[in-house]
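Before any comments, here is the structure.
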Amino acid sequence: MHTKKGRTVFPRIDLLPEKIVKYLKRDSSYQSEHAQDYDLSWQAIQLGYVGDAGVYQHFETVSVYDNYRFVRRYFHGAWVLYVLFIRLLSFKNPVKELRAWFNTRQVRRFQEFSPIKYSEWLTFDSILMDRNPKVSIIIPTLNRYDHLEHILRDFEKQDYTNFEVLVIDQSDNYDPDFYTNFNLNIQLIRQEEKALWLARNTGIKRSKGDIIGLSEDDVRIKTDWISAHLKCLDFFKVQVSAGVFYPDGQKIPRERSFFAIGSQFATGNAMLYRDVFKRVGLFDRQFEKQRMGDGEFGMRLYLADLKSVSNPEASCVDIKAGTGGLRELGSWDAFRPTSLFAPRPIPSVLYYFRRYYGNVAARWSLLRTIPMSILPYQFKKSRLMLLFALLLSIMMLPLVLFQVGKSWMLASEKLKEGPLIDELER
């Protein structure tokens, strides 16, 4: 998908600096030179290129063979079959498709993993941090005082001190005295309605900082969390620093352990300039008590040509509290319904896909996501279990069609009503 200015994120290889090109490996087995260049551009993004080189604004058509070669190089074998399946169903020439699929069967997945290093980071003197801007941290909370205490203690220890914390408390057992125990500039907002996106929007509207930090009530952060986000904004000259989550007791996943163009936006660990909300609006309340509000906001950032960087230096531990928060609102999983006749997927998912990609693409996406959603989440990476899920979804077809139809209908109502996005006036 292109931005509103007709751009992509993929850099033109002929404009990349040599120090970046040395990380890339050309595959001369593609049939066209265009395909070779596009492969290198993909590598650059996957290995962490963040820069201002010119980007591709359009792509030349490449052969069916080159397309299958690319998919085999960078994606799991199951996705290769999925691509073949979808293209055959789309009435592409079956002879060409099957021949290209067969002729690329020996292509092995690209495993050479050497991320781009930004050695200047360690000695970078941030002018932004020298200016000491006020940062406003937004934390919605719901029935999690025990976890909230830990994250507020972490904020007490930050090495950057010019910040305020806005807590939007929706708890049933609301306790304002709880907040008197912290050595922090806390702006407490009581919200009777249990609504996550309303809470974040309210916090942003009431904040005083030129820079907005987004956190959660069940994460843990290091003492340099704020400064690491600020440094990232300044170092890469971007509008958004997207922090990395990792589970408690584990390490940052390898694929998220280096700087890269942000591929997703998570409102539990991010920092961005206040002006960003003035440009694209606040969070869409059509996602209230549902899923993908983060992803929809990230899409608006991308379409507006606002660059986001995945920042492992501003990581946080995801505690995943067993009670309270979004789980209490009943929308933890986007594709697995909570009851037999509930919609599958959650209507906000189809609202998002249909709004930005159209109805046809949304229907194709259902063919990919619905079979996997038949199984419990922990089995989603098992090839054998995915095959079982496909067979099971066929057996459950009448029920699945009812669930999907219900979701489609509810998503249509959302689309008819339109986005519920407030503007930030100041």
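By convention here, the first residue in the shown sequence is residue 1.
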* For Tyr30, what residues pass the side-chain hydrogen bond (donor to acceptor under 3.5 Å, both in side chains) criterion, not counting sequence neighbours? -> Asp39
* To do: Taking all non-hydrogen atoms of both residues into account, name the closest pair between Lys5 and Gln57 and its distance.
  => O-NE2, 4.2 Å
* Structure fact -> Sorted by chain and number, sequence neighbours left out, ring-ring contact (aromatic ring centres under 6.0 Å, His included) with Phe353 holds for Tyr357
* Could you tell me whether Trp101 atom CH2 has more than 12 heavy atoms of other residues or ligands within 6.0 Å of it? => no
* Partner set under side-chain contact (heavy atoms from CB on, under 4.5 Å) for Glu60, not counting sequence neighbours -> His34, Tyr38, His58
* Phe297: partners by ring-ring contact (aromatic ring centres under 6.0 Å, His included), with sequence neighbours left out -> Phe265, Phe277, Phe283
* To do: Please confirm whether the backbone N or O of Val107 pairs with a side-chain atom of Thr104, one donor and one acceptor, at under 3.5 Å?
  => no
* To do: Determine whether Gln46 and Glu255 make a side-chain contact, defined as any pair of heavy atoms from C-beta on separated by less than 4.5 Å.
  => no
* Residue pair His229 / Ser241: nearest heavy atoms and the distance that separates them -> ND1-OG, 2.7 Å
* Report yes if some heavy atom in the side chain of Asp284 is under 4.5 Å from a heavy atom in the side chain of Tyr352; otherwise report no. => no
* **Results of side-chain contact (heavy atoms from CB on, under 4.5 Å) for Arg153 - residues two or more places apart only** => Glu149, Glu156, Asn181, Phe182
* To do: For the residue pair Thr267 and Asp294, confirm or rule out a side-chain donor-acceptor distance under 3.5 Å.
  => yes
* Kindly indicate, with the supporting measurements, whether the criterion salt bridge (Lys or Arg N to Asp or Glu O under 4.0 Å) is fulfilled by Lys19 and Glu120. => CA-CA 13 Å; Lys19 66 178 182 180; Glu120 305 93 339; 3.8 Å; yes
* Determine whether Ile116 and Val50 make a side-chain contact, defined as any pair of heavy atoms from C-beta on separated by less than 4.5 Å. => no
* Structure fact -> Heavy-atom closest pair (Leu410 atom, Pro343 atom, distance to 0.1 Å) is CD1-CG, 4.1 Å
Which donor-acceptor pairs under 3.5 Å do side chains of residues 206-216 form with protein atoms, sequence neighbours excluded?
unit_1 : atom_1 : unit_2 : atom_2 : d
Ser207 : OG     : Ile204 : O      : 2.6
Ser207 : OG     : Arg274 : NH1    : 2.7

* Indicate whether the side chain of Tyr65 and that of Arg69 have a donor and an acceptor atom separated by less than 3.5 Å. => yes
* Structure fact -> Tightest non-hydrogen contact, residues Gln264 and Ala242, listed as O-CB, 4.1 Å
* Please name all residues satisfying side-chain hydrogen bond (donor to acceptor under 3.5 Å, both in side chains) with Ser32, sequence neighbours left out, ordered by chain then number. => Asp66
* Structure fact -> From the list Tyr49, Tyr23, Phe258, Phe236, ring pair (Phe, Tyr, Trp, His ring centres under 6.0 Å) partner of Tyr118 resolves to Phe236
* Decide if atom CG of Asp52 counts as having more than 12 heavy atoms of other residues, nucleotides or ligands within a radius under 6.0 Å. => no
* Under the 3.5 angstrom rule, does the side chain of Arg7 hit a backbone N or O of Asp305 as a donor-acceptor pair? -> no
* **Non-hydrogen side-chain atoms of Glu288 and Leu420 separated by less than 4.5 Å** => no
* Classify the side-chain pair Tyr179/Asp169 by whether it contains a donor and acceptor separated by less than 3.5 Å. => yes
* In this structure, are over 12 heavy atoms from other groups packed under 6.0 Å from Gln31 atom CD? -> yes
* Just jot down the side-chain contact (heavy atoms from CB on, under 4.5 Å) partners of Lys4, sequence neighbours excluded, or say none. => Leu303
* To do: Run the numbers on Asp37 and Arg26 for side chain to side chain contact (heavy atoms under 4.5 Å, CB included), then give the verdict.
  => CA-CA 8 Å; Asp37 288 346; Arg26 182 175 289 273; 3.0 Å; yes
* Asked: Is there a donor-acceptor pair under 3.5 Å between the side chain of Glu423 and the backbone N or O of Glu425?
  -> no
* Asked: Between Lys22 and Glu18, is there a side-chain N and carboxylate O pair less than 4.0 Å apart?
  -> no
* To do: Taking all non-hydrogen atoms of both residues into account, name the closest pair between Ile168 and Gly203 and its distance.
  => CD1-CA, 3.9 Å
* Asked: Partners of Gln106 by side-chain hydrogen bond (donor to acceptor under 3.5 Å, both in side chains), sequence neighbours excluded?
  -> none
* Asked: What's the shortest heavy-atom distance between Ser136 and Leu166, and which atoms?
  -> CB-CD1, 3.9 Å
* Taking only Lys NZ, Arg NE, NH1 and NH2, and the carboxylate oxygens of Asp or Glu, determine whether Lys278 and Asp275 approach each other closer than 4.0 Å. => yes
* Structure fact -> For Ser310, the side-chain contact (heavy atoms from CB on, under 4.5 Å) test, sequence neighbours excluded, returns Val244, Arg256
* To do: Consider only side-chain N and O atoms of Asp217 and Tyr145, and report whether a donor and an acceptor are under 3.5 Å apart.
  => no
* Does a side-chain heavy-atom distance below 4.5 Å link Tyr351 with Met292? -> no
* Member of Asp218, Asp172, Asp175 meeting the salt bridge (charged side-chain N to carboxylate O under 4.0 Å, His left out) criterion with Arg144 -> Asp218
* Run the side chain to side chain contact (heavy atoms under 4.5 Å, CB included) check on Leu306 and Val280 step by step: do they pass? -> CA-CA 10 Å; Leu306 296 171; Val280 304; 3.8 Å; yes
* Among Asp154, Asp248, Asp318, salt bridge (charged side-chain N to carboxylate O under 4.0 Å, His left out) partner for Arg220 -> Asp154
* Asked: When you check the gap from the basic side-chain N to the acidic O, do Glu97 and Arg87 get nearer than 4.0 Å?
  -> yes
* Would you check if Trp225 and Gln158 make a side-chain contact, meaning some heavy-atom pair closer than 4.5 Å? => yes
* To do: Test side chain to side chain contact (heavy atoms under 4.5 Å, CB included) on Val349 and Thr369 and set out the steps.
  => CA-CA 11 Å; Val349 173; Thr369 56; over 6 Å; no
* **Lys157, NZ atom: more than 12 neighbouring heavy atoms under 6.0 Å** => no
* Can you say whether the rings of Phe235 and Phe124 are parallel (under 30°), tilted (30 to 60°) or perpendicular (over 60°)? -> perpendicular
* Asked: Taking only residues two or more places apart in sequence or in another chain, which ones pass side-chain hydrogen bond (donor to acceptor under 3.5 Å, both in side chains) with Arg12?
  -> Asp14
* Side-chain contact test, heavy atoms from C-beta onward, threshold under 4.5 Å: evaluate it for Ile319 versus Ile151 and give yes or no. => no
* To do: Report yes if the side chains of Pro419 and Arg355 come closer than 4.5 Å at any heavy-atom pair, otherwise no.
  => yes
* Just by distance, do the side chain of Lys289 and the backbone of Lys194 share a donor-acceptor pair under 3.5 Å? -> yes
* Asked: Got a donor-acceptor contact below 3.5 angstrom from the Thr8 side chain to the Tyr56 backbone?
  -> yes
* **Trp79: ring-ring contact (aromatic ring centres under 6.0 Å, His included) partners, not counting sequence neighbours** => Tyr82
* Full working for side chain to side chain contact (heavy atoms under 4.5 Å, CB included) between Leu152 and Phe178 -> CA-CA 11 Å; Leu152 292 180; Phe178 166 82; 4.1 Å; yes
